[in-house]
Amino acid sequence: MMIAEIFNFGFVQRALITGALIAVACSILGVFLVLRRLSLIGDGLAHVTFGSVAAVILIGFSPFYAALAALPLVMLSSLAILQLTRSRRIHGDAAIGIVSSVGIALGVIMASLSGGYNADLLSYLFGNILTATQTELVLSLIIFFMVILFVAFLYPDLFAVTFDEEMAKSMGVKTNRVNIILLLLTAAAVVSAMKIAGIMLVSALLILPPVTALQLSLSFKKTIIASVFFSLLSVISGMIFSFAFNLPTGGTIVIFNAVFLLTVLLAKRILRTQR
Amino acid sequence: MSVNLVRVENLTFSYNSTPAVNGISFNLNKGDYLGIVGPNGSGKSTLVKNILGILPLQSGSIHLFGQPQHKFRRWDKIGYLPQKLSALNTHFPGSVGEILEMGLRKKNAGEKRQVLELMGISHLSSRLIGELSYGEQQRVMLARALIGRPELIIFDEPTTALDPETRDIFYSLSENLNRTNGTTIILVTHDIGIIGEYARHLLYLDKKVLFTGTFEEFCKSREMTGFFGEGSQHIICHQHDGTEKTK
């Protein structure tokens with residue numbers, strides 16, 4: 001069977017669209033998070049998602065809706081990170097570490113209480129985009145539009161907060177509101193991205209495309225566009241490659257992201273030596 | 001009748017229960033040029049950050065353009081040039097053009113071009129801010145502070161580590177804005193000689209207000225002699241006389 005024919009299957013089309021929507025959302029949010037040195041928030045929130053999914057499965061939610069049910073808890077955790085950094089004089093990385101370790105600890109306890117790591121919970125650990133359901137596609141679509149609207153409407157404020165939060169405040173930007181929305185959307189994007197990459201790799205979707213784009217020394221808007229480009233390219237290439245060589249799709253997508261980063265770094269070095 | 005653009009009453013702010021400013025009160029009228037001076041750690045930047053709402057009000061009150069600070073919405077009337085950007089990442093992907101439009105809902109290409117020309121940085125408009133020298137970055141930030149023709153501009157130690165050429169541009173521009181356009185200016189600096197040359201009023205701060213008045217009054221002040229020593233105060237005031245004469 002030709003690779004192109006695979007895309008005739010409904011489940012593959014659904015996986016591709018879901019993956020593309022989530023990848024775009026993560027790559028846009030990632031630009032702001034990376035520049036604000038909050039890159040590891042994806043990792044932290046993924047760990048919280050693990051704990052939350054384990055908790056909602058334990059209390060009897062269908063594994064089918066576990067991620068959706070876990071969403072409010074993950075959103076609350078993102079606000080906890082913000083609150084910790086703001087009021088308790090804890091640095092962002094330490095706040096992420098605290099919430100992350102509490103999340104994973106709760107996950108381990110919940111999993112143990114529910115009789116060990118069943119197949120449903122393991123699917124969140126490693127992700128499987130090919131099993132994306134119609135509900136997950138719709139959820140990804142909603143998150144995608146929310147991210148686009150957020151950036152479109154609050155772009156001047158987002159730019160100012162990312163550049164310098166104190167400057168932004170002096171311009172009357174409601175930095176608190178911007179931070180809260182950014183973190184809530186990141187929480188939603190992380191929960192939906194679990195399907196692609198799983199807990200282990202979800203932060204890669206938030207970090208690698210923006211970091212690759214940042215190497216190109218472009219303006220802010222062009223950096224966002226480049227981040228989206230690398231992210232989409234990784235999802236499409238990763239899916240095709242994983243079909244062709246029968247590899248796990250999530251891991252392959254992340255490896256493609258890393259390959260693009262290394263290629264850009266190498267190209268920069270070559271160009272620099274030629275000057 | 002003079003209009004109070006800034007009214008600070010009994011402002012107290014502490015970091016971890018250590019007071020940075022204590023019981024500060026002063027008024028700033030439209031068209032004024034106020035110099036705020038004081039030693040390191042005297043609370044100058046804390047005061048400015050309180051006025052701008054960067055730090056929350058803990059005690060006392062601040063009125064801006066006649067309104068309590070928490071009700072004030074016209075932040076476009078205030079320009080701000082910080083001492084340094086708190087966390088400028090050298091890899092920040094913002095072009096100079098984008099920095100000038102930062103936080104603005106309405107863009108005005110003509111005005112952007114004007115301030116770029118005024119600061120002599122038109123050729124940098126598509127360059128990334130992180131690629132520029134410190135002096136060029138400060139010129140960009142000064143251009144940003146001028147966008148929207150603010151009625152009040154606050155400069156927080158703006159010439160620290162600037163090259164002499166940029167420093168001269170900065171001071172002549174601030175004087176021009178004040179005298180020609182009637183822009184109200186607050187200049188925070190270590191350099192009391194500079195205050196004497198440009199500012200009409202002086203606020204000497206060391207956690208609380210130790211002196212307020214004109215530079216001439218400052219030179220005659222017996223209290224200040226206690227702080228600077230008779231010789232130093234004489235030199236500061238004499239320098240100013242010399243500058244005036246050469247003008």
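Proteins get letters first, then strands, A, B, ... in listed order; numbering begins at 1 in each. Quick caveat: nothing in here was measured; it's all calculated off a predicted structure. The basis for the numbers below is simple: all heavy atoms, side chains too, and nothing from hydrogens, waters or symmetry mates.
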- Message: Would you say CZ of A:F229 has more than 12 non-hydrogen atoms from neighbouring residues, nucleotides or ligands within 6.0 angstrom?
- Response: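 It does not: A:F229 CZ has 12 such atoms or fewer within range.
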- Evaluate whether atom NZ of A:K222 has more than 12 neighbouring non-hydrogen atoms of other residues, nucleotides or ligands under 6.0 angstrom away.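 No - once you tally the heavy atoms of other residues, nucleotides and ligands closer than 6.0 Å, there are 12 at most.
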Taking all non-hydrogen atoms of both residues into account, name the closest pair between [X] and [Y] and its distance.
X	Y	value
A:G172	B:W75	CA-CD1, 3.4 Å
A:F163	B:M102	CD2-SD, 3.3 Å
A:L218	B:L128	O-CD2, 3.5 Å
A:K169	B:G53	CD-O, 4.1 Å
A:T223	B:P93	OG1-CB, 3.3 Å

- Task: Under 4.5 Å heavy-atom distance to chain B, tell me which part of A:K221 shows up: side chain, backbone, both or neither.
- Result: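 Both the backbone and the side chain of A:K221 come within 4.5 Å of chain B.
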- By a 4.5 Å heavy-atom criterion (distance strictly below it), what part of A:S217 contacts chain B: side chain, backbone, both, or neither?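 Looking at A:S217, backbone and side chain both touch chain B.
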- So do A:T162 and B:F92 actually touch side chain to side chain, heavy atoms under 4.5 Å?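 Of all side-chain heavy-atom pairs linking A:T162 with B:F92, at least one is under 4.5 Å.
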- Message: Non-hydrogen contacts under 4.5 angstrom with chain B: give the residues of residues 252-264 of chain A involved, or none if there are none.
- Response: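 Those residues of residues 252-264 of chain A which would need a heavy atom under 4.5 Å from chain B do not exist here.
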- Query: Which of residues 202-214 of chain A get closer than 4.5 angstrom to chain B, counting heavy atoms alone?
  - Reply: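 The stretch touches chain B at A:L214.
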- Message: Quick check on B:R74 against chain A: is it the side chain, the backbone, both or neither that has a heavy atom closer than 4.5 Å?
- Response: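 When you check distances to chain A, no heavy atom of B:R74 falls under 4.5 Å.
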- Query: Is it the side chain or the backbone of B:I51 that comes within 4.5 Å of chain A heavy atoms, both, or neither?
  - Reply: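 For B:I51, no heavy atom lies under 4.5 Å from chain A.
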- Please round to the nearest 0.5 Å and tell me the distance separating atom CZ of A:F220 and atom CD of B:E101.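 With rounding to 0.5 Å, CZ (A:F220) is 13.0 Å from CD (B:E101).
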- Report the distance from atom CG of A:D164 to atom CD1 of B:I129, rounding to the nearest 0.5 Å.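 With rounding to 0.5 Å, CG (A:D164) is 11.0 Å from CD1 (B:I129).
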- Task: Would you mind telling me which of B:N16, B:I78, B:I154 has the largest number of heavy-atom pairs within less than 4.5 Å of chain A?
- Result: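 Highest number of heavy-atom pairs under 4.5 Å: B:N16.
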- Item | Among A:E166, A:E165, A:M167, side-chain contact (heavy atoms from CB on, under 4.5 Å) partner for B:I54 |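 It is A:E166; the other options fail the test.
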